[in-house]
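Have a look at the structure below before the remarks.
Here is the naming used below: chain letters follow the sequence lines, and residue numbers restart at 1 for every chain. Values in this document were obtained by computation on a predicted structure and should not be read as measured data.
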Amino acid sequence: MQNIRLRFAPSPTGALHIGGVRTALYNYLLARKFNGTFILRIEDTDQTRYVPGAEDYIVEALQWCGIVPDEGPGFGGEYGPYRQSDRKDIYAKYAKELVASGNAYYAFDTPEELNAKRAQSAEGDHSVWKYDSHTRMSMRNSLTMPAAEVEQLLADKTPYTVRLKVPANDEVIIQDRVRGEVIFQTNELDDKVMLKADGMPTYHLANIIDDHLMQITHVIRGEEWLSSTAHHVLLYRAFGWEDTMPEFAHLPLILKPAPESFINKNNLAELAERFTGDLMQKHGDTPGLKEDSTLKAITQLFQDKASLSSRLKVKDKEPEDKKVLKTYLKDSLYGKLSKRDGDRLGMPVFPLSWEGETEADSFLGFREAGFLPAAVVNFLAFLGWNPGTEQEIFSLDELIEAFDLEKISKSGARFDYDKARWYNQQYLLQMPAAELPPLVRPIIEAHGHQPEADYLEGFCDLMKERAVLLTDFWTGGYYFFEPIRDYDDVNIRKRYKPERRPLFENFIGQLDELSNFDAVHTKEAAHTFMEETGLKFGDVLPILRLGLAGTMQGPDVFRMMELMGKETVVTRLREGLNYFDNLINS
RNA sequence: GGCCCGUUCGUCUAGGGGUUAGGACGCAGGAUUUUCAUUCCUGAAACACGGGUUCGAUUCCCGUACGGGCUACCA
């Protein structure tokens with residue numbers, strides 16, 4: 001394979017969702033593996049869906065993951081421009097060529113007329129009306145109208161589209177690198193719009209022209225494109241480019257996580273509430289749909305999660321509100337992972353946070369949730385691909401080495417947030433000591449603390465095997481930087497014996513006397529203390545831990561003391577004893 | 001509804017005509033530990049169903065069921 005060229009072609013309609021990142025990754029991996037070129041192309045042909053900032057977001061997200069384009073807007077390259085809106089003239093020219101060669105035609109039907117057709121058909125036999133080889137001769141287009149009239153309409157600037165004239169009674173055979181042979185009958189294919197009334201091309205036209213002009217050799221994209229690939233092949237044929245047509249590989253979709261995996265006793269109520277709120281917001285005007293009964297119904301469905309999917313089947317004779325409820329739940333619990341799922345399920349589905357116009361349009365990213373890019377990349381790579389070995393941890397370079405189109409699986413992969421967390425933990429655990437503090441520092445600083453380098457280093461060393469996400473360094477270790485906020489009252493009641501207070505005060509005094517406060521010496525002091533008093537580890541250590549951190553969870557007590565330093569330790573322990581007594585006496 | 005794609009533990013998956021169907025996440029139990037975590041050990045857990053083909057099918061073929069995608073002047 002020589003000089004392979006692959007592209008990632010997102011559309012800047014908002015934040016790039018994690019499935020898009022995986023598509024980009026696979027394209028990148030294959031390009032790198034064979035010393036090819038990875039291209040970023042911005043597909044902004046839908047002016048109505050354009051979102052400012054989305055393109056910057058896409059670039060930043062890719063860079064964060066280490067997926068850097070060789071060519072693209074802002075990255076240079078010989079095949080630009082790489083933004084489709086800058087290539088409008090090219091598409092118009094080719095569209096005209098398509099009409100001239102008899103492979104496309106002008107269509108003057110208005111969107112309203114088309115919608116009416118579809119509505120009419122839907123009422124009849126449930127079939128869907130299509131603009132295709134069976135119906136095109138009864139529509140208003142350059143195939144049915146006299147040439148002079150068409151010329152006149154064009155000259156009058158009547159809005160028109162250009163549609164592909166799909167040949168009848170033919171077959172399109174696609175050799176997909178993931179799925180093998182896929183066959184489509186052209187009679188089933190509609191005459192897709194190539195050029196819209198606003199002069200912009202549709203995805204179908206633009207992507208074929210650009211892939212050809214940019215000499216793309218492999219198209220790796222999501223399975224949602226498989227159905228329209230037949231049209232794309234037809235276009236290559238129409239342009240006479242079939243012999244240089246790229247290879248196709250359609251990736252399995254990333255699906256929503258299995259309900260069984262995220263519905264559990266702890267979050268059931270919260271989850272049910274979130275779903276109810278979302279449902280009411282969307283369908284609140286449905287007759288009979290009441291918030292309290294809906295919440296009850298959803299809670300009940302979630303409780304019996306084993307039979308969830310079968311209980312969401314909609315029956316014809318059910319009342320409208322029930323149908324709405326079931327349809328909503330089915331759509332939001334199953335199927336492909338979507339933007340909203342992150343909020344509903346309480347997990348990130350975007351690489352980076354996105355600030356939308358409203359809060360409902362803003363999303364938390366993996367980066368802000370405390371994930372390392374390498375972990376996200378590793379996790380994503382394994383969602384739909386597997387090297388066939390038992391190795392789980394792969395650096396980007398190792399992924400490039402191991403990646404192989406033939407190993408991509410065919411069936412959709414459920415998004416597994418726990419697995420993502422596990423990957424992150426593994427990367428944290430493996431990380432060389434020097435690399436961690438720079439990553440943790442911003443999190444600590446965001447909470448208003450400027451730790452000394454040594455202190456931060458020691459802190460990271462103590463916390464690293466207790467953290468899954470970078471943000472855990474703060475949530476699990478904030479007390480190294482500021483006073484204790486929450487004491488674990490349950491454990492204090494269980495462990496603290498007020499009559500031992502004088503003993504502990506004594507011990508604190510002994511600690512205060514120590515000239516060397518390292519872990520070895522404080523431990524020694526504790527041993528002496530226990531020998532003198534007859535107390536056991538289990539009597540002493542929990543008290544110290546609770547006094548120092550407020551919680552039973554945390555690093556080795558003596559190492560904690562060493563890092564905090566004598567002054568803090570002594571003060572905290574004294575304050576702790578006061579708190580314990582107050583608690584017991586209250 | 002039509003077209004297309006898929007189906008191995010709850011999840012990600014390996015495997016492949018004869019295997020004790022392998023690994024990982026998660027879960028349960030145990031060891032270590034002053035706690036939590038790490039680490040280690042153990043366990044429960046899968047070839048959707050029905051027909052073929054075959055000496056033999058989870059593996060090949062065909063159906064069914066189920067899941068998914070598409071069905072826009074969106075990408």
Considering only nitrogen or oxygen atoms on both sides, find all protein atoms under 3.5 Å from nucleotides 19-22 of chain B and state each distance.
from  : atom 1 : to       : atom 2 : distance (Å)
B:G22 : O2'    : A:Glu390 : OE2    : 3.0

Which part of the nucleic acid, if any, lies within reach of A:Lys336 when heavy atoms closer than 4.0 Å are counted: base, sugar-phosphate only, or nothing?
sugar-phosphate

Who pairs with A:Tyr334 by ring pair (Phe, Tyr, Trp, His ring centres under 6.0 Å), at least two apart in sequence or on another chain?
none

For nucleotides 35-40 of chain B, which of its nitrogen or oxygen atoms have a protein nitrogen or oxygen under 3.5 Å away, and what is each distance?
from  : atom 1 : to       : atom 2 : distance (Å)
B:U35 : O2'    : A:Met552 : O      : 2.9
B:U35 : O2     : A:Arg545 : NE     : 3.4
B:U35 : O2     : A:Arg545 : NH1    : 3.2
B:U35 : O2     : A:Met552 : O      : 2.3
B:U35 : O2     : A:Gly554 : N      : 3.3
B:U35 : O2     : A:Gly554 : O      : 3.4
B:U35 : N3     : A:Arg545 : NH1    : 3.3
B:U35 : N3     : A:Arg545 : NH2    : 2.7
B:U35 : N3     : A:Gly554 : O      : 2.8
B:U35 : O4     : A:Arg545 : NH2    : 3.3
B:C36 : O2     : A:Arg466 : NH1    : 2.9
B:C36 : O2     : A:Gly554 : O      : 3.3
B:C36 : N3     : A:Arg466 : NH1    : 2.5
B:A37 : O2'    : A:Glu465 : O      : 2.0
B:A37 : N3     : A:Glu465 : OE2    : 3.3
B:U38 : OP1    : A:Gln425 : NE2    : 3.2

So does A:Arg118 get a side-chain nitrogen or oxygen closer than 4.0 Å to the phosphate oxygens (OP1/OP2) of B:G1?
no

Give me the distance, rounded to whole Å, that separates B:U42 from B:G22 when you measure between the P atoms they each carry.
14 Å

Presence of salt bridge, A:Lys536 and A:Asp539, under 4.0 angstrom:
no

Using 30° and 60° as the class boundaries, would you call the ring planes of A:His250 and A:Phe248 parallel, tilted or perpendicular?
parallel

How is A:Ser11 classified with respect to the nucleic acid when contacts are heavy atoms under 4.0 Å: base, sugar-phosphate, or nothing?
sugar-phosphate

Measure across A:His231 and A:Val166 and return the closest heavy-atom pair with its distance rounded to 0.1 Å.
CD2-CG2, 4.1 Å

Touch class at under 4.0 angstrom, heavy-atom based, for A:Lys313 against every strand present:
sugar-phosphate

Tell which nucleotide pairs with B:G1, taking only Watson-Crick or G-U wobble pairs whose two distances are both under 3.5 angstrom.
B:U71

For the pair A:Phe403 and A:Tyr26, name the ring-plane relationship: parallel under 30°, tilted 30 to 60°, perpendicular over 60°.
tilted

For A:Tyr423, report the nucleic acid contact type (base, sugar-phosphate, nothing); a contact means any heavy atom under 4.0 Å.
nothing

Strictly below 4.0 Å, N to O, side chains only: are A:Asp210 and A:Arg7 in salt-bridge contact?
no

Contacts of A:Glu465 that satisfy side chain to side chain contact (heavy atoms under 4.5 Å, CB included) - sequence neighbours left out:
A:Leu429

Side chain to side chain contact (heavy atoms under 4.5 Å, CB included) with A:Glu171: which residues, sequence neighbours excluded?
A:Ile173, A:Ile183, A:Gln185

Please determine which of A:Trp422, A:Phe415, A:Trp385 meets the ring-ring contact (aromatic ring centres under 6.0 Å, His included) test together with A:Phe379.
A:Phe415

Spacing of A:Glu260 atom CD relative to B:A46 atom C1', expressed in whole Å:
14 Å

What's A:Arg163 touching, base or sugar-phosphate or nothing? Going by heavy atoms closer than 4.0 Å.
sugar-phosphate

Any residue in residues 248-259 of chain A with a heavy atom nearer than 4.0 angstrom to RNA chain B? Just list them by number, or reply none.
A:Leu253, A:Ala258

Hey, is A:Asp190 close enough to A:Lys192 for a salt bridge, meaning N to O under 4.0 Å?
yes

Heavy atoms only, 4.0 Å cut-off, all strands: where does A:Leu195 land among base, sugar-phosphate and nothing?
nothing

In terms of side-chain heavy atoms of A:Val193, which of B:C73, B:G68, B:G26 is nearest?
B:C73

Is any side-chain N of the basic residue among A:Arg49 and A:Asp44 closer than 4.0 Å to the acidic one's carboxylate O?
no

Using atom C1' in both nucleotides, what's the gap between B:U13 and B:G18 to the nearest angstrom?
24 Å

Judged by nearest nucleotide, the residue sitting upstream toward the 5' end of RNA chain B, A:Phe558 or A:Ala197, is A:Phe558

Across every strand shown, the nucleotide meeting Watson-Crick or G-U wobble geometry with B:A48 (both distances under 3.5 Å) is B:U64

Please name the nucleotide paired to B:C27 by Watson-Crick or G-U wobble geometry with both distances under 3.5 Å, or report none.
B:G43

Using 4.0 Å as the upper bound for N to carboxylate O, is an ion pair formed by A:Glu43 and A:Arg83?
no

Please report the distance separating the C1' of B:C47 from the corresponding atom of B:G16, rounded so that it comes out in whole Å.
11 Å

Work out how far the C1' atom of B:U8 is from that of B:C4, and round it to whole angstrom.
24 Å

Any base atoms under 4.0 Å from A:Gly384, or only sugar-phosphate, or nothing? Heavy atoms, all strands.
sugar-phosphate

Pairwise C1' distance for B:G63 and B:U53, with rounding to whole Å
15 Å

Check whether the side chain of A:Lys419 and the base of B:A24 form a donor-acceptor pair under 3.5 Å.
yes

RNA chain B: 5'-proximal contact among A:Ala413 and A:Phe537 (nearest heavy atom)
A:Ala413

Please work out if A:Arg414 contacts a base, only the sugar-phosphate, or nothing of the nucleic acid, heavy-atom cut-off 4.0 Å.
sugar-phosphate

Identify whether any heavy atom of A:Asp109 sits under 4.0 Å from a base atom; if not, whether one sits that close to sugar-phosphate; answer base, sugar-phosphate or nothing.
base

Check every strand shown and say whether A:Phe382 touches a base, only sugar-phosphate, or nothing at a heavy-atom separation below 4.0 Å.
sugar-phosphate

Write down the distance separating the C1' atoms in B:C9 and B:C5, rounded off to the nearest Å.
24 Å

Distance check, P atoms only: B:A31 and B:G50, in whole angstrom units.
44 Å

Should the pair A:Arg466-A:Asp472 be classified as a salt bridge under the 4.0 Å nitrogen-to-oxygen rule?
no

Across all strands, who's sitting opposite B:C9 as a Watson-Crick or G-U wobble pair, both distances under 3.5 Å?
none

What nucleic acid atoms does A:Asp416 come within less than 4.0 Å of, heavy atoms only: base, sugar-phosphate, or nothing?
base

Heavy atoms only, 4.0 Å cut-off, all strands: where does A:Phe184 land among base, sugar-phosphate and nothing?
sugar-phosphate

The side chain of A:Lys410 is closest to which nucleotide in this list: B:U13, B:U71, B:G6?
B:G6

Looking at A:Thr45, I'd like to know whether one of its side-chain N or O atoms comes within less than 4.0 Å of OP1 or OP2 on B:A75.
yes

Take the protein atom CZ of A:Phe379 and the nucleotide atom P of B:G26, then report the distance between them rounded to whole Å.
12 Å

Taking the inter-plane angle between the rings of A:Phe382 and A:Phe394 on a 0 to 90° scale, is it parallel (under 30°), tilted (30 to 60°) or perpendicular (over 60°)?
tilted

Decide, yes or no, whether a salt bridge links A:Asp109 with A:Arg140 under the criterion of side-chain N to carboxylate O below 4.0 Å.
no

Give me the distance, rounded to whole Å, that separates B:A14 from B:G6 when you measure between the P atoms they each carry.
15 Å

I want to verify a distance call: between B:C73, B:A24, B:U34, whose nearest atom is closest to the A:Thr161 side chain?
B:C73

side-chain N/O A:Lys192 vs B:C70 OP1/OP2, d < 4.0 Å
no

Could you check whether A:Ser261 gets within reach of a base, just the sugar-phosphate, or nothing at all, counting any heavy atom under 4.0 Å?
nothing

